[in-house]
Amino acid sequence: QVQLVESGGGLVQAGGSLRLSCVASGRTFGSLTMAWFRQGSGKEREFVATVTRSGVSTYYVDSVKGRFTISRDNARNTVALQMNHLQLEDTAVYYCAADSGLGLRIRRSDYGYWGQGTQVTVSS
């Protein structure tokens, strides 16, 4: 079993920045592919970003490219999502996800472990 705990959400004005963190436990962190998803009110949960086990490769949904950066620290069992130039449409609950599968994985069904989520609200 893998436990994931997110932190760092909050209220921010449009154009501002937030940094989300997710701490994993229960399994060797370096054996996990990590990702962030988000779910806006009344919407489906959607993929945001993923990073491979080594941290070398990343992939983003088009709407956040150039604004968000995913990174991981295998020594600290953490994955982070740096979010810059936030927009109203970025408002959502953000979820950390993990799986033992290889490569860049972007489907919700690819991930077997999920955190409880952290709310990000962007105001005008």
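All of these numbers come straight from a predicted model, not from anything done at the bench.
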- In terms of heavy-atom contacts, A24 and L4 come closest through CB-CD2, 3.6 Å

- Query: Crowded around E89 CD? As in, over 12 foreign heavy atoms under 6.0 Å?
  - Reply: yes

- Query: Within a strict 4.5 Å, meaning less than it, do heavy atoms of the L81 and T69 side chains meet?
  - Reply: no

- Supply the atom-to-atom distance R38 CZ to S63 OG, rounded to the nearest 0.5 angstrom. 4.5 Å

- Message: Using a 6.0 Å cut-off, check whether atom NZ of K43 has over 12 heavy atoms from anything other than its own residue.
- Response: no

- Task: Evaluate the side-chain proximity of M34 to F29: yes if any heavy-atom separation is below 4.5 Å, no if none is.
- Result: yes

- Message: Within this structure, what is the CZ-CE distance for the pair F68 and M83, rounded to the nearest 0.5 Å?
- Response: 5.5 Å

- Item | Residue pair L18 / V120, side-chain heavy-atom distance below 4.5 Å | yes

- Query: Do you know the tightest heavy-atom contact between A98 and L32?
  - Reply: CB-CD1, 4.2 Å

- Side chains of D99 and R105 in contact at under 4.5 Å (non-hydrogen atoms): yes

- Query: Is there side-chain contact between C96 and V79, with at least one heavy-atom pair below 4.5 Å?
  - Reply: yes

- Message: Just so I know, are the side chains of R53 and L102 near enough to count as touching, which here means a heavy-atom distance under 4.5 Å?
- Response: yes

- Task: Find the distance between CD1 (I70) and CG (L20) and round it off to the nearest 0.5 Å.
- Result: 10.5 Å

- Task: Provide the closest heavy-atom pair for V51 versus G55 in the form atom of the first, atom of the second, distance.
- Result: CG2-CA, 3.5 Å

- Item | T33 vs T50 side-chain heavy atoms within contact, under 4.5 Å | yes

- When hydrophobic residues are tied together by side-chain contacts of less than 4.5 Å, even through go-betweens, does V12 share a cluster with V48? yes

- Task: Quick one: pull up NE2 in H85 and CG in D90 and give me the separation to the nearest 0.5 Å.
- Result: 11.5 Å

- Query: Which ring pair (Phe, Tyr, Trp, His ring centres under 6.0 Å) pairs, counting each pair once, include a residue from residues 95-114, with sequence neighbours left out?
  - Reply: F37-Y111, F37-W114

- Would a distance-only check, ignoring hydrogens and angles, find a side-chain to backbone donor-acceptor pair under 3.5 Å from T52 to L104? no

- Short side-chain to backbone donor-acceptor contact, T91 and T121, under 3.5 Å: no

- Assess whether side chain to side chain contact (heavy atoms under 4.5 Å, CB included) is satisfied between S100 and S31, documenting all intermediate values. CA-CA 6 Å; S100 58; S31 70; 5.7 Å; no

- Task: Could you tell me which non-hydrogen atom of A92 sits nearest to which non-hydrogen atom of G40, and how far apart they are?
- Result: CB-N, 3.7 Å

- Task: Measure the spacing between CD of Q39 and CD of Q119 and express it to the nearest 0.5 Å.
- Result: 10.5 Å

- Query: Going through the checks in order, is the side chain to side chain contact (heavy atoms under 4.5 Å, CB included) test met by R67 and Q87?
  - Reply: CA-CA 10 Å; R67 300 189 298 121; Q87 302 169 357; 3.7 Å; yes

- Task: Answer whether the closest heavy-atom distance between the side chains of S123 and L11 falls below 4.5 Å.
- Result: yes

- Message: Can you give me the closest heavy-atom contact between R19 and S71, atom names plus distance?
- Response: NH2-OG, 4.0 Å

- Task: Give the C-alpha distance, both sets of side-chain angles, the deciding distance and a yes or no for side chain to side chain contact (heavy atoms under 4.5 Å, CB included) between S21 and E6.
- Result: CA-CA 6 Å; S21 293; E6 303 99 334; over 6 Å; no

- CD (Q116) with more than 12 external heavy atoms under 6.0 Å: no

- Message: Nearest 0.5 angstrom please: C22 SG to R72 CZ, how far?
- Response: 10.0 Å

- Is it true that a side-chain atom of S54 and a backbone atom of V56 form a donor plus acceptor pair closer than 3.5 Å? yes

